[in-house]
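Computed from a prediction, not measured in an experiment: that's the story for all the values here. Scope of the values below: all heavy atoms of this structure, side chains included, with no hydrogens, waters or symmetry mates.
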Amino acid sequence: MRINKFLAHAGVASRRKAEELITSGKVAVNHTIMTNLGYQVATGDIVEVDGVAVYNEEPVYYILNKPRGYISSSSDDKGRQTILDLLPKMKERIYPVGRLDWDTSGLILLTNDGEFTQLMTHPRHNIDKVYIAKVEGQANKDNLRPLTLGMKLEGKKVSPAKYEIMKQDKAKNASLVSLTVHEGQNHQVKKMFEACGLPVQKLSRIQYGTLTLDGIQVGQHRRLTKKEVSQLVNAATNH
């Protein structure tokens with residue numbers, strides 16, 4: 001396996017970033033700095049990045065139904081609960097694919113495959129992500145129209161999205177809206193509704209590509225099948 005692919009599969013970085021690590025002299029093989037991008041890692045080779053040994057684990061992929069109140073990170077310097085606290089101790093060094101806000105619930109993926117993570121999170125790979133938002137105010141075609149036209153958020157253009165008004169509660173002045181987006185900018189969904197004059201009160205992601213949370217209770221997880229992983233990879237590479 002080429003050394004950049006080895007590092008990507010080990011979760012160190014994407015292949016492109018791994019090449020930068022190699023050419024900058026940060027990668028060693030058998031205790032010797034390796035700058036040959038074509039080097040094929042052999043069984044028994046000791047690969048190190050900045051002096052830390054890297055192990056190419058068998059790739060694993062999980063889906064988790066994240067509760068509110070958990071950080072989408074492998075650790076937190078403030079001592080807050082992370083989504084890894086919801087999983088049993090595993091031999092693999094897994095981490096979340098992208099992020100959900102602390103107060104956002106729903107579907108999140110975890111893996112130890114850096115290349116897969118890059119595929120899932122790069123903005124050019126248009127994988128549908130479906131959210132259900134409880135918003136303040138009465139959602140209607142007029143105030144939601146900007147979602148379908150594409151909008152700028154803090155100077156960054158986001159692609160047109162699809163929405164469906166699921167429920168309106170006039171007594172509580174609230175609405176329930178589903179929103180399908182491609183990108184995953186920081187706080188993007190909340191900012192999109194805010195720009196429409198409909199502040200988000202509660203948010204959950206219910207679908208990621210072909211994956212849904214069917215049969216997965218809040219706080220629970222399961223391992224993805226090979227077919228499910230292939231479907232996600234195909235969806236990303238065919239755009």
d(L213 CG, N65 CG) to nearest 0.5 Å is 4.5 Å
Sub-3.5 Å donor-acceptor pair from the side chain of K66 to the main-chain atoms of W102, do we have one?
-> yes
Pairing of R15 and E19 as salt bridge, 4.0 angstrom limit = no
Starting from the C-alpha separation in whole Å, work towards a yes-or-no answer on side-chain contact (heavy atoms from CB on, under 4.5 Å) for Q138 and N173.
-> CA-CA 6 Å; Q138 297 299 299; N173 191 33; 3.6 Å; yes
Closest heavy-atom pair and its distance - R145, T148 | O-OG1, 2.8 Å
Modelled atom types, side-chain donor and acceptor of D113 and Y61, under 3.5 Å | yes
Verdict with supporting geometry, L153 and Q188, side-chain contact (heavy atoms from CB on, under 4.5 Å) = CA-CA 8 Å; L153 299 176; Q188 178 178 332; 4.1 Å; yes
Would you give the length of the straight line joining atom CD of E136 to atom CG of D169, rounded to the nearest 0.5 angstrom?
-> 12.5 Å
Please test R205 against T104 for side-chain contact (heavy atoms from CB on, under 4.5 Å), starting from the C-alpha separation and ending with a verdict.
-> CA-CA 8 Å; R205 183 161 66 191; T104 298; 5.5 Å; no
Sidechain-backbone polar pair: Y95 side chain, G114 backbone, donor-acceptor under 3.5 Å = yes
Any side-chain heavy atom of Q40 sitting closer than 4.5 Å to one from R2?
-> yes
Is it true that a side-chain atom of Q168 and a backbone atom of A139 form a donor plus acceptor pair closer than 3.5 Å?
-> yes
Is any side-chain heavy atom of I63 less than 4.5 Å from a side-chain heavy atom of Y208?
-> no
Roughly how far, to the nearest 0.5 Å, is CG of L224 from CG of L211?
-> 5.5 Å
If Ile, Leu, Val, Met, Phe, Trp and Tyr residues are connected whenever their side-chain heavy atoms lie under 4.5 Å apart, and connections chain through other members, are L84 and M90 in the same group?
-> yes
Report yes or no: do L87 and F116 belong to one cluster of Ile/Leu/Val/Met/Phe/Trp/Tyr joined by side chain heavy-atom distances under 4.5 Å?
-> no
N/O donor-acceptor pair under 3.5 Å between E115 side chain and T117 backbone = no
Indicate yes or no for a side-chain donor-acceptor contact from N143 to the backbone of C196 under 3.5 Å, with no hydrogens or angles considered.
-> no
Among the clusters formed by ILVMFWY side chains lying less than 4.5 Å apart, do I165 and V181 turn up in the same one?
-> yes
Output for pair (M120 CE, I127 CD1), nearest 0.5 Å, gives 3.5 Å
Between the side chains of D128 and H182, does any donor sit under 3.5 Å from an acceptor?
-> yes
Residue pair V60 / R223, side-chain heavy-atom distance below 4.5 Å = yes
S73: what forms a side-chain contact (heavy atoms from CB on, under 4.5 Å) with it, not counting sequence neighbours?
-> I71, R99
About how many Å separate OG1 of T35 and CG of L37, when rounded to the nearest 0.5 Å?
-> 7.5 Å
For the hydrophobic clusters of this structure (ILVMFWY residues joined by side-chain heavy atoms under 4.5 Å, transitively), does one cluster hold both Y70 and I206?
-> no
Enclosure of K17 NZ (heavy-atom neighbours >12, cutoff 6.0 Å) | no
Is there a donor-acceptor contact under 3.5 Å from the side chain of N30 to the main chain of I46?
-> yes
Is L119 linked to M1 within one hydrophobic cluster, defined over Ile, Leu, Val, Met, Phe, Trp and Tyr using a side-chain heavy-atom separation of less than 4.5 Å?
-> no
Contact check, side chains of V27 and V47, non-hydrogen atoms, under 4.5 Å = yes
Determine the minimum heavy-atom distance between M34 and I3, stating which atoms define it.
-> CG-CD1, 3.9 Å
Hey, does V12 have a side-chain heavy atom less than 4.5 Å from the side chain of F6?
-> no
Below 4.5 Å, heavy atoms only, C-beta onward: do S175 and L198 meet side chain to side chain?
-> no
Short question: side chain of K202, backbone of S105 - any donor-acceptor pair under 3.5 Å?
-> no
Given side-chain contact (heavy atoms from CB on, under 4.5 Å), test L232 with L109 step by step and report yes or no.
-> CA-CA 11 Å; L232 289 171; L109 304 176; 4.0 Å; yes
Side-chain donor or acceptor of N112 paired with backbone N/O of E58 under 3.5 Å = yes
The side chain to side chain contact (heavy atoms under 4.5 Å, CB included) partner of L100 among L107, I108, L64 is I108
Under the 3.5 angstrom rule, does the side chain of D101 hit a backbone N or O of D103 as a donor-acceptor pair?
-> no
Contact check, side chains of Y163 and M192, non-hydrogen atoms, under 4.5 Å | no
What is the distance from atom CG of L110 to atom CD1 of I94, rounded to the nearest 0.5 Å?
-> 5.0 Å
Under 4.0 Å between a Lys/Arg side-chain N and an Asp/Glu carboxylate O for E183 and K156?
-> no
Does any non-hydrogen side-chain atom of V41 lie less than 4.5 Å from one of L7?
-> no
Closest contact, heavy atoms only, P67 versus L86 = CD-CD1, 3.4 Å
